[in-house]
Amino acid sequence: MIIPGILFKSQTSFSFISNLKLNLKSFLNPKFTLQFNPISSLKVVWRKDWTLDKAIENDKRYKLCARVVKEVLNEPGLAIPLRYLDKRRERLRLNVGAKSFINNNPGLFDTYYDRIRPKSDLVPFLRPSNRLRNFLEEEKRIYDENEELVVSKLCKLLMMSRYKVISVDKLVHVKREFGLPNDFLVNLVPKYSNYFRLTGSPGDGQSFLELVEWNPEFAKSVIEQRAEEESQLTGIRVRPNFHYKLPPGFSLRKEMREWVRDWLELDYISPYEDVSHLDQASREMEKRMVAVLHELLSLSLLKRVPVPILGKFTNDYRFSNAFSSAFTRHSGIFYMSLKGGIKTAVLREAYKGDELIDKDPLLGIKDKFVELLEEGWRERAEMLRVRREQVKKDMEMMAAKNGELSEQSCEEAEL
């Protein structure tokens, strides 16, 4: 199998000579134990993927608007003074003033005047527009329709963890990445007490969500499901494994082609399988770690997750401390984008160019929000067009009037 790949850093000549000596010693003396370099020492030269970077760039404006909306919705009474929002520009990563942002994205908020304190001056406030309120109702409807999917995702996140329990703070931090609703701890968890148990004291960082019941139907990874479906279609048993393909223009050295080939030949280890018996530095554990990373990205809404967020689960999922190097070491499976100064792990097989292939049903929420934004952008563009045309007409009228005055002046001069 020809695997186009990325450039790998070769071993130094010293390492080569050392390995050669070890091979000779082991040949001459069977009792001599051969030492291999750990997997984490396999260095990979990162290569930029323009199409997958574009996929991240396409969502930049949408995510900015979503952050601002979330900020307002988290305020008491769903309202915030405009100047308060302006003070939070750096945290929200707003590159324009709050007023300019509101003008550039009409339809999100209504502006009204109120007092921050009794007897203080009236100042502009922001509150959700009717359009935004309608979107929130639509969001709730989509969540309700896909409640079983949300429950299965939450179960899977717990089932892959070492002790089947994860900190609530971590889950709240990643809820947007995996499509968990804002109120999943309040409404979803108590409703499915057969699956979940909330322990500890919420709010002090010592609260945990624990898995109560193991559902075998959830304990199948995307890769295992794909192999089963192919087996049913072809009538031939298909071995579960990763889809490994690099984009054109990447190259892979011979020794690394052989390493990747041998690694892919190892048995697939399900992310839901107990691996407490495996050595953390073994190739098998590497295969299991890649399986977990693959499954996490598959469960995410956009099939990509910032690496720092994945890093929060290092202990829960038994990742090595150098787990992020797996994204470049296995570049036929993943891509690590550096777009926006943030490392983002992307699942290659989920994209065709810069477009997602199979969209998560919960992405319907994003689509509705983008529709809301685009409606406002169209209205703003139309308003600017009308304004430009009016300015053009005014200038033409002024020019015509100036021409008439010039002619009149010339006629009076001739008289």
Between [X] and [Y], does any side-chain N to carboxylate O distance fall below 4.0 Å?
X	Y	answer
Asp169	Lys312	no
Lys303	Asp358	no
Arg261	Glu258	no
Arg226	Glu229	no
Asp360	Lys153	yes
Arg141	Glu137	no
Glu147	Lys191	yes
Arg131	Glu379	yes
Asp53	Lys48	yes
Lys339	Glu57	yes

Check the angle between the aromatic planes of Phe319 and Phe323 and answer parallel, tilted or perpendicular using the 30° and 60° thresholds.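 Rings of Phe319 and Phe323: parallel, under 30°.
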
Within residues 80-89 or reaching into it, pairs that qualify as salt bridge (Lys or Arg N to Asp or Glu O under 4.0 Å) - sequence neighbours excluded: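 Non-adjacent pairs meeting salt bridge (Lys or Arg N to Asp or Glu O under 4.0 Å): Glu71-Arg88, Glu75-Arg88.
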
Residue pairs passing the salt bridge (Lys or Arg N to Asp or Glu O under 4.0 Å) test where at least one lies in residues 231-241, sequence neighbours excluded: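 Only Arg239-Asp267 qualify under salt bridge (Lys or Arg N to Asp or Glu O under 4.0 Å).
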
Evaluate Arg378 against Glu375 for salt bridge (charged side-chain N to carboxylate O under 4.0 Å, His left out), listing each step before the verdict. CA-CA 5 Å; Arg378 285 193 299 269; Glu375 185 178 355; 5.4 Å; no

Ring-face cation of Arg61 near Trp377 (centre distance under 6.0 Å, axis angle within 45°):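 Arg61 over Trp377 ring: yes.
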
Contacts of type side-chain contact (heavy atoms from CB on, under 4.5 Å), residue Asn194, not counting sequence neighbours: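 Asn194 satisfies side-chain contact (heavy atoms from CB on, under 4.5 Å) with Tyr192, Glu213 once adjacent residues are dropped.
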
Please find out if less than 6.0 Å separates the ring center of Tyr268 from that of Phe242.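 They qualify: ring centres under 6.0 Å apart.
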
